[in-house]
Every structure is written in C-alpha cells, then in structure tokens.
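Structure first, commentary second.
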Amino acid sequence: MATWAQQAAREFTDAFGGEAAFAADAGGRVNLIGEHTDYHEGFVFPAAIDLRTRVAARPRTDGVLRIRSLNLSEEVEAVLADLVPPPVADWRAYVLGPFWALREAGIAVPGADIVVNGGVPFGGGLSSSASIEVALVAVGAALAGRDLPAIEIARLARRAENGFCNVPCGAMDQMASACGKEGHALLLDCRTLTFETVPMPAAWVLVVADSGVRHAVAGPEYANRQKECAQGMAVVRAAFPDVAMARDLTMERLDGLKARMPEVSYRRLRHAVTENDRCLAARDALVRGDGATLGRLLAGSHESLARDYEVSCAELDILVAAAVGIRGCVGARLTGAGFGGNTVNVVEAGEAAAFCDALARAYHDRTGRPTTVRVVRPAAGVSVTCLRPMQ
Ligand code: GLA
C-alpha cells in the first residue's frame, strides 16, 4: 500500500478510533501559463504537484457527515440530506461542498467519518481548495460504491466550488488536481475538457516562491474581472455572432471594437486573447526545450496579468523581477489567480538549489518578508485506495 494511504489510515484511527475504509490523495497544482483563461473557455497549462491533500473515510449508515480537519484541529458535523450552500463559505463549505455535489449528481453517500490532512499551503495560489474538493469527491464516490473517471471527479469538485462555495472559478484547478500525470504538465482545452499530457524536460524544474501575501478567490476581485470581461463580450457578440467566448476572439476583431466598450473591458479581454496565444506557444517552446522563447512568454504573461488584468501586486512583481536576474532562471511569472500567493519559476535543474536560496535572500532584502521557495514536482492526479473490504 502506498505510504500516503498508510499515513491517512493512521490519521483516521488517531482521530476517530477504528479503521477507515477508503483513502484518497490529490495534489495542488501549479500553472505554467494560461492564466485567467479557463473561464473564457481557453487553454491552460498546469501540472498537479507533489504538495497534496490526503483524506481517509469510514462509512456511516445514518446519513451524517463528520469531517475533521487535522490542519485546523476543527470538526464539522452535518446531515447530508440537509446540505444547502451557506451564505458565507468558510473551511466547512470546502469540505461539505463535495458531498453536496455528489448528492446533486444522484450519487448516494451513506454518511461518513472523515479526516482531512491538507498539505497544500492555504491561500497560496496552488489550489489547496481544489485538492481538498477532488480528494473528497473521490472518497465520497468510493463510499457510494462508484468508480468515477478522474474527469467526472473534477467536474463535481468544480461544481462544489461554484455552487456550494459560491466561487465562480473555471475548470483548471480541479482538472489538474484530478487528471495530473507524473512528470507531465497538461495542456487543457477548457471548452472541451480534453487535454494533452506534455513531458517536462528533464533539464528544467519548477520552483514556486511564496509572496506571503494571502488572497482568496472567494474575494470580490476575481468575480469582478469576469464582470468586466462580460461587459466587453456583450459588445463583441453583438458585432460577431460567431464569437461565443473570449477564446474565439482575435486581437484584430477586438481592436476594431475598442472604442465601443469600456477601456477596462478592452484591457481585460486583450489579456484573455493574448494569454491564450502565449499558452499555446509555450507548449511548443516546452516541447522544443526552447528556454529563450518560454522565458519571453512567461514574462509576457506576467506583464499582461499585471497591466491588463491587474491581478498582480508589488510583492509578486518583486519576486518575478528578482528571479529573472538569478542564474539558471528560464522564466518566471505569478501563478494562479494572483493578488498574492506564489510565483512559478522554470529553472535549470542543476541550478535549482542555488536559485531557491538566492531568490529567498533577494526577496527578504527587498521586502523584509520571509518567503518559502521550493521545487515542486509534476505529479499524478487523484488516487483512491480501498483500505479494507466494506461490510
Ligand atoms: C483560480 C481559479 C481558476 C483560474 C485561476 C486563474 O485558481 O480557481 O479557475 O481561473 O484562478 O487562472
């Protein structure tokens, strides 16, 4: 049995006594490029990572859910049949939402005792919430006697975040967490949810650097970006009925409509259009091992996110500016929703340790803030293990 499953089984016994029946494990994600494009049905290029959430569960027969967070040392208890989206989503919404989504999909979980151990830093832009949702949908489905494909797990996990936590996120995080492949990134088409697995060149590693600034996708800014884009898209659709989403738009068409939409909507859509192109070009550069091009694309992405989408912050800009001056850095940009959280850095493998030290020092010198800079490995998607036969 995998080590994570043994650990999850032990954590369950320590928390509740007795034995768990199932364990599940799902990664956070790092996004290489293709930021704020998923809800425009565009392309994204994330990888599941080796920072992960593990859960273990034992079925109950009374329709009650008892879920303990080992990170917070808190517990929530709820009756499955009574679950309704809360007015404000706190950690409880993220652990109950998956069971609401399973119930809405007609998948009958009998009730359960569950421990959750989150190993993805919270609020760091590495999708701690998606890893929790994906692991819980997976274990919930197992308790219901269902073997769901990873993509279905991702869909339900996103449904939990959209419908129960009231966060209008796109498909990227849950898809990466559920469908990841060791040593690979996923070029994901967010319109069709089809993806290509692209091997990470052995010469490069991924490094994430934490600004220490915490953001919440549940905050108003994330939803505001979507509203500003929607205003511009109303103008676009009226002019070009064949354009359903920003993903279908070209810069030529957008420029032609510039005077007819609010300036801010134009800039937001310019990001969506150019970022989609950068994402596809970055996939090609990664496959060719063309570091110079990849570096330029990552820089262009950060710049566009900072200027056009306005989702960067001083600390992320400092991390990116410092990183590109350090030996071995192929490219750097903010990753995830922005407003804080982590940057992603593509770094020559042989320089990774020195790069991490130098970046941490540079960031501290310039901001007075500590940071965690670490190598993350592209990892597998969700897995579920049966710990003992169900009675
Ligand atoms: C968050 C959301 C994703 C995506 C990114 C930005 O991580 O959950 O769906 O929109 O922001 O690319």
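Order of listing sets the numbers, starting from 1, for every ligand and every atom in it. In this chain, residues are counted from 1 in sequence order.
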Arg58 to Phe12, cation-pi by 6.0 Å centre distance and 45° axis angle:
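Cation-pi check for Arg58 and Phe12: fails.
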Does [X] reach ligand 1 with a nitrogen or oxygen that is under 3.5 Å from one of the ligand's nitrogen or oxygen atoms?
| X | answer |
| --- | --- |
| Gly170 | yes |
| Tyr39 | no |
| Glu35 | yes |
| Asn31 | no |
| Tyr222 | yes |

Ligand 1-proximal atoms of Arg29, by part, heavy-atom distance under 4.0 Å:
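Only the side chain of Arg29 comes within reach of ligand 1.
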Taking only heavy atoms of [X], which atoms of ligand 1 are found under 4.0 Å from at least one of them?
| X | result |
| --- | --- |
| Met172 | 4 (C), 5 (C), 12 (O) |
| Asp173 | 1 (C), 2 (C), 3 (C), 7 (O), 8 (O) |
| Asp38 | 3 (C), 4 (C), 9 (O), 10 (O) |

Between Asn276 and Phe43, is there a donor-acceptor pair closer than 3.5 Å when you use the side chain of the first and the backbone of the second?
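Indeed, once roles are kept as given, a pair shorter than 3.5 Å links the two residues.
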His40 side chain vs Asp38 backbone, donor-acceptor pair below 3.5 Å
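No: the side chain of His40 does not pair with the backbone of Asp38.
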Just by distance, no angles: are the side chains of [X] and [Y] close enough, under 3.5 Å, to form a donor-acceptor pair?
| X | Y | answer |
| --- | --- | --- |
| Thr274 | Arg278 | yes |
| His302 | Asp317 | yes |
| Ser177 | Arg29 | no |

Quick check, are the ring centers of Phe99 and Phe164 under 6.0 angstrom apart?
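Aromatic pair excluded; centres sit 6.0 Å or further apart.
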